[in-house]
Amino acid sequence: MGEAMERYFIKPGEKVRLKDWSPDPPKDFEGDKESTRAAVAELNRKLEVLQERLYAERKHKVLVILQGMDTSGKDGVIRSVFEGVNPQGVKVANFKVPTQEELDHDYLWRVHKVVPGKGEIVIFNRSHYEDVLVVRVHNLVPPEVWKKRYEQINQFERLLHETGTTILKFFLFISREEQKQRLLERLADPAKHWKFNPGDLKERALWEEYEKAYEDVLSRTSTEYAPWILVPADKKWYRDWVISRVLVETLEGLEIQLPPPLADAETYRRQLLEEDAPESR
Ligand code: AMP
Ligand code: MG
């Protein structure tokens with residue numbers, strides 16, 4: 001991974017305090033909104049090519065996890081970073097309030113069912129991390145239950161890794177002030193009202209509890225095989241750029257091999273061309 005991105009990777013065992021991190025692009029960042037958007041478009045074309053090769057090779061499995069407070073841009077990332085990639089090989093899994101059937105099982109049951117198969121990229125819009133975030137903040141299970149989950153999650157992700165899955169976990173880090181602006185924007189535009197949920201204000205009131213819960217997630221579940229990447233997300237263009245870069249660099253690192261060319265392509269070519277020749281009618 002290039003140096004520019006390396007700084008956002010949480011090292012295994014690193015203790016994360018969000019107040020030490022910035023939701024804004026770093027001061028030494030040279031791009032502006034326009035040039036960065038152009039860079040994202042360029043990366044998007046690379047992603048398209050890499051994804052097609054991944055799909056054709058049918059060997060690697062890629063899991064992208066998106067987490068972040070309400071309005072942090074999980075849906076926006078799916079729209080802009082993955083724009084134009086072939087929907088055949090890319091799936092999105094949304095994790096909502098669990099159904100009764102899901103609650104009747106262990107919390108990883110619904111998750112394991114939708115992990116990527118060979119050649120696939122699966123994007124988790126929220127994930128099993130909700131089971132140590134919203135579940136913890138709202139006391140949906142007792143502490144002795146959720147506290148065991150960090151280790152269980154690490155083991156689950158280790159299993160996925162050892163069976164050929166590349167895992168990237170992005171935490172979209174926004175400030176409380178930026179969330180306020182985004183919620184106000186949603187309320188100002190009737191076409192965006194569907195995105196507003198009165199419950200969002202209740203969650204917002206618990207901002208500090210969520211920060212604490214996220215700090216524990218980042219400190220306890222960033223591993224060599226499934227790292228957390230802390231993405232400054234107050235600027236949408238910078239957020240998209242960081243995620244695109246990490247994805248493209250990671251996929252490039254997989255050294256995807258296309259299946260070998262057909263040895264007898266020429267024979268098939270002739271066969272097709274001769275179809276129309278009068279003597280074959
Ligand atoms: P949204 O992402 O806006 O569609 O909202 C999905 C909602 O489902 C969020 O409020 C999440 O906190 C909630 N949710 C997701 N997973 C769980 C879970 N395991 N337990 C309880 N609530 C969850
Ligand atoms: Mg929401």
Side-chain angles (χ1 to χ4, degrees), residues 63-82 91-115 122-157 169-218 220-221 228 231 233-234 236 239 243:
L63 175 59
V64 175
I65 296 180
L66 300 177
Q67 282 287 165
M69 307 276 202
D70 289 325
T71 76
S72 61
K74 300 181 289 292
D75 300 285
V77 166
I78 295 170
R79 242 181 296 119
S80 47
V81 172
F82 291 91
K91 291 183 190 157
V92 178
N94 284 291
F95 294 92
K96 306 274 184 188
V97 178
T99 63
Q100 188 57 52
E101 189 189 23
E102 287 168 348
L103 285 172
D104 286 344
H105 292 79
D106 72 84
Y107 67 100
L108 292 173
W109 180 72
R110 66 172 180 167
V111 180
H112 207 165
K113 284 201 287 195
V114 292
V115 299
V122 173
I123 306 155
F124 279 8
N125 185 352
R126 302 187 190 269
S127 65
H128 43 294
Y129 285 99
E130 293 295 328
D131 293 285
V132 282
L133 291 163
V134 64
V135 166
R136 166 179 172 174
V137 170
H138 287 279
N139 293 307
L140 300 180
V141 301
E144 59 272 25
V145 173
W146 60 255
K147 282 186 177 166
K148 287 202 180 108
R149 292 182 172 172
Y150 301 99
E151 189 49 29
Q152 291 166 348
I153 288 172
N154 286 340
Q155 291 303 331
F156 171 61
E157 292 176 356
K169 304 184 294 200
F170 295 99
F171 168 55
L172 312 186
F173 180 41
I174 56 163
S175 63
R176 194 155 189 255
E177 186 48 38
E178 180 63 22
Q179 185 187 61
K180 184 174 184 171
Q181 292 313 318
R182 292 185 187 182
L183 289 171
L184 286 170
E185 262 168 49
R186 286 180 184 183
L187 288 169
D189 179 358
K192 287 189 178 166
H193 282 183
W194 64 274
K195 288 196 200 178
F196 184 81
N197 177 348
D200 292 349
L201 295 187
K202 287 205 196 94
E203 298 308 298
R204 176 172 168 77
L206 296 166
W207 188 269
E208 277 152 28
E209 316 317 293
Y210 273 105
E211 276 194 329
K212 235 184 330 156
Y214 266 110
E215 287 176 345
D216 277 344
V217 161
L218 296 166
R220 302 185 64 175
T221 62
W228 275 106
V231 182
D234 269 7
K236 295 173 183 174
R239 167 200 81 195
I243 296 177

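One-based numbering, in listed order, for ligands and for the atoms of each. Values below: every heavy atom of this structure, side chains too, minus hydrogens, waters and symmetry copies. None of the values given here were measured: they were computed from a predicted structure.
Pocket lining of ligand 1, defined as residues with a non-hydrogen atom under 4.0 Å away: F95, K96, V97, P98, R110, R126, E130, D131, V134, V135, L140.
Inspection of the T221 and N154 side chains reveals no N or O donor paired with an N or O acceptor under 3.5 Å.
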Which pairs would a plain distance check flag for residues 131-138, meaning a side-chain donor or acceptor within less than 3.5 Å of a matching protein atom at least two apart in sequence or in another chain?
residue: R136; atom: NH1; partner: Y150; partner atom: OH; Å: 3.2
residue: R136; atom: NH1; partner: D216; partner atom: OD2; Å: 2.7
residue: R136; atom: NH2; partner: D216; partner atom: OD2; Å: 3.3
residue: H138; atom: NE2; partner: E203; partner atom: OE1; Å: 3.1
residue: H138; atom: NE2; partner: E203; partner atom: OE2; Å: 2.9

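Here salt bridge (Lys or Arg N to Asp or Glu O under 4.0 Å) pairs that include residues 176-197, with residues two or more places apart or in two chains, are E178-R182. For residues 91-114, the set of pairs meeting the ring pair (Phe, Tyr, Trp, His ring centres under 6.0 Å) definition, not counting sequence neighbours, comprises F95-F124, H105-W109, H112-F156.
Counting heavy-atom neighbours within 6.0 Å of K113 NZ, excluding the residue itself, gives a total above 12.
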Notebook entry, point to check: R126 and Q67: side chain to side chain donor-acceptor pair (under 3.5 Å), yes or no, with the steps?
Noted result: CA-CA 5 Å; R126 302 187 190 269; Q67 282 287 165; over 6 Å; no
